[in-house]
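Counting from 1, the numbers follow the sequence of the chain as shown. Since the model is a prediction, treat every value here as computed from it, not as a measurement. Counting starts at 1 for both ligands and their atoms, in listed order.
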Amino acid sequence: MEVEKGRGGHVLVLPYPTQGHINPMLQFSRRLTHKGLRVTLVITIQNLQEMRASNPSDPAFLDIEHISDGFDDGLPVDFKLDTYVDSLKRVGSQTLDSLLTRLGAEGVRPLCVIYDSFLPWALDVAHAHGILGAAFHTQSIAINTLYLLHHDKFSDKKTDITTPISVPGMPILESSDLPSYMSEPELYPAYLKMVVLDQLSNMDQADFVLANSFDSLEGELSRELAKAFPLKMIGPAVPSVYLDNMIADDKGSDADLYKAVNCLGWLDERPVRSTVYVSFGSLVGMPKEQMEEIAWGLHASKRFFVWVVRTLPRHLEGRNLLPKGFSEATKDRGLVVSWCPQLEVLSHRAVACFWTHCGWNSTLEGLSLGVPMVAMPQWTDQLTNAKFVSDVWRVGMRPKADNRGIVGREEVERCLREAMEGETAAEMRRNAERWSELAKEALDEGGSSDRNINEFVATVCFRQV
Ligand code: UDX
């Protein structure tokens, strides 16, 4: 079902303002425009400035508006998440409210606000304007099920996650497999409040709950959430163009959204399935000792690699630093970049393996593009995602850490060997390719996610609050 842009009505899409949340909502927006909706992406002034600094022309398929998080000139050095989240809620609600009023006056009142489920206040603002609200889950069904079934353990601060958790449809989860807000709530009080408690506070009032997942992957698991909320799985949020043809050629890429980095040209020069792609997402700040072990492990493996090493904000100074001499030692085999078009890289013929932190987007992208993974989670939902990658979907392996929690260089080398050569590698690739087919089926016309998106669009267009 492809309809002329804008014929079906207007919706706002409001992500939590970090890359791992903007990306899937942007990809979902792209699908909505193919279904005939006019989409306006609403981001913070900071996000907007970053996007325009990377590329002065906005993406053509949607409109962009902004709200304020109260930090229009940038985040302070003494950044505190709880202060930020309070400000985002207070100033964000006011500026979203003004935006909806203005759009109404201009005759382009949206039919629905699709908001990141980390921003539950957006639902109240939408409903106050008589507009539908759709919560968008950027994390897995498994994670949200864990939060739903176990959130009461946190509300009275009597957390006791010492015994493994058993949830129908999931493997037994040891404490080390749980999202860090559950296993170590004292370390992350502000995240615990935002991600576990506040997120669920009004979700039962949402008109839709959209999840970035798909039926064959987490359909069985989705039953619990579907009892509580009007759930629709609409993922994976990966453009079909990548799923249709797993060899990257000209994809009309997303590079226009990010700083152009020519790692695709570099990959073109590498043999088929020769290269490991290493990335820990947009937020992870790796400590010095771990950076050294990964670096020298990559060097010792003698394999080609592309490694994304993020430049971090000032409050994370001292992390993500490459060891001295590494760049020189690996200049013939490796490329270190601060950002790359990940979907293109993962679907490039030269890439054999994805060394990932298992952020939900990276996990879904690796799985959907049929790339075997080495799963090295750092915090939040990544620990549970990694458990599913290795033990349930069987598309990846877990490196073993030493008693300091560090994955040593010999272990890096061993994992790369197993993930790129021999029977383990072949089996993981077979499994990954099977998941890739199922992801494509879900999104193809008439597939489970495609039908869910059609139902969502049809309901939004014909129903008001
Ligand atoms: C975080 C959480 O880890 C994740 O689980 C949650 O759902 C969203 O917030 P992040 O750590 O950034 O996200 O990881 P991930 O979910 O993998 O998202 C990163 C996104 O950035 C992916 O879509 C990936 O394709 C993209 N990316 C990353 C690039 O396009 N280029 C890069 O160089 C690195």
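Two residues are said to be in side-chain contact when any heavy atoms from C-beta on lie closer than 4.5 Å; His357 and Met376 fail this criterion. Residues Ser240 and Arg31 are in side-chain contact: their nearest non-hydrogen atoms beyond the backbone lie under 4.5 Å apart.
Applying the side chain to side chain donor-acceptor pair (under 3.5 Å) test to Glu218 and every residue at least two apart in sequence or in another chain returns Ser213.
For Val308, every heavy-atom contact with ligand 1 shorter than 4.0 Å involves the side chain, none the backbone.
Residue nearest to atom 7 (O) of ligand 1, selected from Ile143, Thr138, Asn212: Thr138 (by heavy-atom distance). The closest heavy-atom contact to atom 10 (P) of ligand 1, among the options Gln382, Gln378, His357, comes from His357.
Set against the non-hydrogen atoms of Gly359, the atoms of ligand 1 under 4.0 Å away are 3 (O), 4 (C), 5 (O), 14 (O), 15 (P), 16 (O), 17 (O). Near Ser362, meaning under 4.0 Å from any of its heavy atoms, are these atoms of ligand 1: 15 (P), 17 (O). Under a 4.0 Å criterion applied to the non-hydrogen atoms of Trp360, ligand 1 contributes the atoms 4 (C), 5 (O), 7 (O), 16 (O). Less than 4.0 angstrom separates some heavy atom of Gln139 from each of these atoms of ligand 1: 6 (C), 7 (O). Listed by number with element, the atoms of ligand 1 under 4.0 angstrom from any heavy atom of His21 are 8 (C), 9 (O).
Using modelled atom types and a 3.5 Å distance limit, the side chains of Tyr277 and Gln342 yield a donor-acceptor pair.
Of all non-hydrogen atoms in Gly235 and Phe214, the two that sit nearest each other are O-CB, 3.3 Å.
Judged by distance alone, the side chain of Ser436 and the main-chain N or O of Ser368 form a donor-acceptor pair under 3.5 Å.
Few gaps surround CG on Asp204; more than 12 heavy atoms of other groups in view lie less than 6.0 Å from it. More than 12 heavy atoms of other residues, nucleotides or ligands lie within 6.0 Å of CD in Glu437, so this atom counts as buried by the packing criterion.
Where the criterion is an N or O separation shorter than 3.5 Å, residue side chain and backbone included, Ser338 fails it with respect to ligand 1. The distance criterion of under 3.5 Å between nitrogen or oxygen atoms is not met by Thr380 with respect to ligand 1. The shortest N/O to N/O separation between Cys340 and ligand 1 falls below 3.5 Å. Considering backbone and side-chain atoms together, Ser279 places no N or O closer than 3.5 Å to any N or O of ligand 1. Residue-to-ligand polar distances keep Gln19 apart from ligand 1: every N/O pair is separated by 3.5 Å or more.
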Anything under 3.5 Å between a donor and an acceptor, one on a side chain of residues 282-299, the other on a protein residue two or more places apart or in another chain? List them.
from	atom 1	to	atom 2	distance (Å)
Gln290	OE1	Val407	N	2.8
Gln290	NE2	Val407	O	2.9
Glu293	OE1	Arg409	N	2.9
Glu293	OE1	Arg409	NE	2.9
Glu293	OE2	Arg409	NH2	3.0

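Distances from ligand 1 to the non-hydrogen atoms of Asp381 include at least one value under 4.0 Å.
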